[in-house]
Each structure stands twice: as C-alpha cells, then as structure tokens.
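Okay, so here's the structure we're looking at.
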Amino acid sequence: MANPRALSAKYEEDFAYPTVKDRLPIILTRVIDHVYRLKSTITDQHSEAGLEDLKFICAALSRLKSEIQTDKPFRPLEDVMEDTGLWNEHFRETEKEEGRPPSWFKSPWLYVECYFYRKIMESFHLSTHLKTFDPFQAQKQQAYLASRQAISSLGSYLTDVCLWGNKCDLSISAGAENPQTTNPVKQLTNLKPNLLCDEGDQVWQHLRDNNSDIQHIDIVLDNAGFELFGDLCFAEYLLCSGLASTVHLHAKAMPWFVSDVTEGDFHWTLDQLSKDESPKLQKLAERWRRHLADGSWKFCIHQFWTLPYDFVKMKTSFPQLYEEFSRGKIIFFKGDLNYRKLFGDLKWQPTTSFKEALRGFAPTAVCTLRSVKCDLAVGLDEGVAETTTAKDKNWMVSGDWAVIQVCSTLS
Ligand SMILES: O=P(O)(O)OC[C@@]1(O)O[C@H](CO)[C@@H](O)[C@@H]1O
Ligand SMILES: [Mn+2]
C-alpha cells in the first residue's frame with residue numbers, strides 16, 4: 001500500500017502549520033534577542049570584529065524570519081561544513097519532486113523544521129569568531145539547573161538501584177517510600193495511566209532473552225537537562241545490570257531543536273554533577289567519566305542526526321552507521337523528533353502497526369521512548385486515539401501522553 005502523505009504546514013489542520021506560523025518565528029526572535037544581549041561580552045572578547053559578527057548574524061536571522069513569514073523559497077546553504085553538500089542535494093531533489101524550490105508553508109514539515117535549525121547554524125558558521133557558538137546553550141543550562149532537585153533524587157535512587165543491580169530481578173520495585181514531592185520515581189506511578197501504549201515488558205523480555213552473548217546497546221539521545229540525566233541513569237543501569245557490554249550514546253553534531261544534547265552539553269552536565277553539593281551526584285559523575293575512559297560508554301556524534309532525513313535513508317546514505325547499529329542488541333530512540341524520523345513524518349493512522357510504519361528500518365530491535373508532541377502516532381490499539389481525544393482534545397501536542405513501543409523481530 002502507498003505511504004500516507006507527509007505532515008506539512010500546507011495543511012492548516014497539521015501541527016506543522018502553527019509551528020511554522022508561530023513557533024519558529026518566536027524561537028528566532030529569542031535567538032536574536034539573546035545574541036544582542038551578549039553584545040558587550042562578545043565585543044570584550046573579540047572587539048570590533050565580534051561586533052561585525054553580531055550584526056551579520058542578527059541580519060541573517062532577521063532575514064530568515066521574514067522569509068518564513070512570507071513563505072519565500074529556500075536557498076541553498078552557503079557555509080562549508082561536512083553536511084553542506086548533502087543539504088544542498090536534498091534541496092535539489094525536493095525542488096525536482098515538487099516542481100519548484102521548497103518553501104516554508106509548502107514542503108514536508110520534517111525538512112522545513114530541520115532546515116530552519118540548520119539555517120540558524122549557517123549564520124553562525126559564516127561568522128568569523130562565533131562559528132561554534134550555541135545560541136541555545138543558556139536555555140539548556142537554565143533548564144538543567146531548574147531541575148536540579150529532581151536530578152538529585154533520581155541520582156540517589158540510581159545509586160541504590162546500581163548497588164542491587166546484579167542481585168535483583170529486573171522488575172526491581174520503585175522506592176515508593178521516598179517522601180520528596182519532586183521524586184521522579186514516585187511521579188512515574190501517577191503518569192502510568194498516560195502511557196497510551198506500554199510495551200515495556202517486551203523490552204525487558206528482549207533485553208533478558210538476548211543476554212547469552214552480551215552486545216552493546218545504543219541510546220539515541222534527545223534533550224539536555226533532566227532528560228539527559230535520566231538517560232545516563234538508564235545507561236548506567238543497562239551496564240551495571242550486565243544487560244549491555246557497552247552503551248553507545250548518540251548526540252547531535254550541532255545545536256538542534258533548541259534543547260537537543262550536543263557534546264558541549266554532555267560535558268557541561270558531567271561538570272555540573274562533579275561540583276554538585278550531593279556526594280552521590282559527584283560519585284556518579286566520577287563513575288561516568290570512568291565508563292567513558294575505559295570504553296564502557298562511548299559518546300558518539302554523527303551528522304546523520306542533524307540531517308533532514310527519514311531514518312529509512314540510513315541504510316543507503318550511511319551504510320556503516322546502519323551496520324554498527326545492526327551489531328547492537330537494541331536501539332532506544334528518545335523523544336518526539338526521533339519518532340517523527342522513524343516513521344517518516346507521515347500522517348499514519350494511529351492503528352497502523354509499529355513495524356509496518358518503520359518501512360523496513362530494522363538494523364536491530366528498535367524501541368521508542370517518546371512523549372507525544374506532534375500529530376503522529378502509530379501502534380495504538382483500536383479506539384485508543386478516540387478515547388484519548390475525548391479526555392484531552394490536545395493529546396497529540398500537549399506532551400502529557402507517552403508511548404513505549406518496540407519492534408524486536410527483524411524479519
Ligand atoms: O524531539 P523532542 O525534543 O521530544 O521534541 C521536538 C519538538 O519540540 O519539535 C517538534 C515541533 O517543533 C515537535 O514534534 C516536538 O515537540
Ligand atoms: Mn529535542
């Protein structure tokens with residue numbers, strides 16, 4: 001059967017429409033304000049040349065904003081980066097398919113939104129002194145600091161889980177006695193009814209059944225802050241329980257979708273943990289640095305995650321990456337954007353099977369841990385979408401609902 005249509009801002013009923021119309025210009029305005037506010041710091045560091053950079057970047061971003069608002073055609077990228085050629089090739093292919101240059105309110109949402117972040121980075125790449133500047137860094141760091149309490153309680157819990165990790169059954173019960181209201185473990189029980197599809201048992205089954213020849217496990221990260229800390233706790237658990245020989249953590253090669261983890265964010269997070277007042281967090285940071293040093297954890301950066309590609313393209317565009325994944329036991333994909341890329345950002349019926357919607361992307365077992373933040377869902381039982389709509393008409397974009405879904409059969 002033919003695939004469904006792509007999500008796109010050309011349909012006003014798609015979440016892509018308010019994203020392109022309102023959210024992207026707001027994000028740009030914030031970046032421009034933020035860069036302007038750094039004027040004195042930048043000129044202190046780089047004098048007049050820094051000021052020139054700043055003017056250049058703000059002009060480029062303002063132009064981008066006006067181009068979005070007036071649905072101007074995309075322009076090929078002009079920076080010289082590892083991925084520039086691939087972006088421009090994608091531009092030409094889309095132009096050929098659509099019979100006109102791609103544009104904000106006409107082209108597939110996945111391409112549009114990825115191009116938006118890539119264009120922001122282009123303006124920095126083209127500057128002289130701010131080529132590696134992260135315009136979202138302050139926001140990400142603030143988000144981490146705001147969730148420090150939750151990080152601390154999860155960190156304490158993890159220390160106990162890891163202590164018992166080798167002894168206990170995998171379905172170790174959550175420490176429900178902990179009285180802290182910010183305890184994320186306790187919160188899990190409250191959130192359980194909001195799991196629209198929970199294939200967690202299948203995930204554990206897969207992890208246990210395939211343990212004779214312990215392989216590595218991949219986690220494709222999403223956001224920095226509390227989410228990253230939770231992912232690192234999970235990586236710690238997979239390792240200390242013996243379910244994984246090593247854990248590969250995959251992050252973005254450049255600032256992406258505001259909050260996504262870059263290498264800089266990852267190291268900043270470890271530094272924060274090292275200097276935290278909680279000795280448990282300090283110890284975790286020490287342990288995690290040891291994992292990185294002895295190869296138990298591998299921190300991986302690949303340009304694939306910041307390209308506008310559907311994951312189906314991985315096998316042909318980056319066969320080596322696909323092959324590396326195929327040697328692992330399971331891949332955990334975190335978050336909404338990875339979900340969109342897994343299923344091609346197409347308007348699937350929510351009852352379409354997870355496997356069918358993957359369209360052959362099966363390097364190894366694939367698990368998605370995703371809170372629903374856009375109008376794309378697959379693998380739901382008959383009636384779930386309808387009953388959830390009756391409870392919360394914004395369920396697809398509120399972020400209050402989530403899915404744990406897995407495909408562990410490769411054939
Ligand atoms: O991948 P993440 O961090 O979970 O979410 C990314 C996200 O903010 O970007 C898209 C819209 O801008 C949405 O699909 C989604 O909510
Ligand atoms: Mn993200």
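Note that ligands are numbered from 1 as they come in the structure, with each ligand's atoms numbered from 1 the same way.
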With heavy atoms of [X] as the reference, note each atom of ligand 1 found under 4.0 Å away.
X      : result
Asn223 : 3 (O)
Asp222 : 1 (O), 2 (P), 3 (O), 4 (O)
Arg23  : 8 (O), 11 (C), 12 (O)
Glu113 : 9 (O), 10 (C), 11 (C), 12 (O)
Trp109 : 11 (C), 14 (O)
Phe257 : 9 (O)
Gly335 : 4 (O)

message: So for ligand 1, is Leu337 a polar contact partner (N or O within less than 3.5 Å, distance only)?
response: yes
query: So is Asn338 polar-close to ligand 1, meaning N/O to N/O under 3.5 Å?
result: no
Close aromatic pair by centroid cut-off 6.0 Å: [X] and [Y]:
X      : Y      : result
Phe257 : Tyr117 : yes
Tyr144 : Trp268 : yes
Phe74  : Phe91  : no
Phe304 : Phe311 : yes

- request: May I ask you to identify, for Arg370, whether its side chain, its backbone, both or neither come under 4.0 Å of ligand 1 on a heavy-atom basis?
  value: neither
query: With a cut-off of 2.8 Å, how many protein N, O or S atoms neighbour the Mn ion (ligand 2)?
result: 3
message: Run the ring-ring contact (aromatic ring centres under 6.0 Å, His included) test on Phe333 and Tyr339 for me, step by step, so that the C-alpha distance in whole Å, both residues' side-chain angles and the decisive distance to 0.1 Å come before the verdict.
response: CA-CA 7 Å; Phe333 285 100; Tyr339 196 87; over 10 Å; no
For [atom], what's the nearest protein heavy atom and its distance?
atom                    : answer
atom 14 (O) of ligand 1 : Asp336 OD2, 2.4 Å
atom 16 (O) of ligand 1 : Lys373 CB, 3.0 Å
atom 10 (C) of ligand 1 : Arg340 NH1, 3.3 Å

Parallel, tilted or perpendicular, judged at 30° and 60°: which one describes the rings of [X] and [Y]?
X      : Y      : answer
Phe133 : His34  : tilted
Phe318 : His302 : perpendicular
Phe325 : Trp305 : perpendicular

field: Over all atoms of both residues, closest heavy-atom pair of Cys114 and Leu307
entry: SG-O, 4.1 Å
field: Cation-pi geometry met for Arg290 and Trp297 (6.0 Å, 45°)
entry: no
- request: Give a yes/no verdict on a cation-pi contact between Lys313 and Tyr309, requiring under 6.0 Å between NZ or CZ and the six-membered ring centre and an angle within 45° of the axis.
  value: yes
statement: Sorted by chain and number, sequence neighbours left out, salt bridge (charged side-chain N to carboxylate O under 4.0 Å, His left out) with Glu227 holds for Lys334
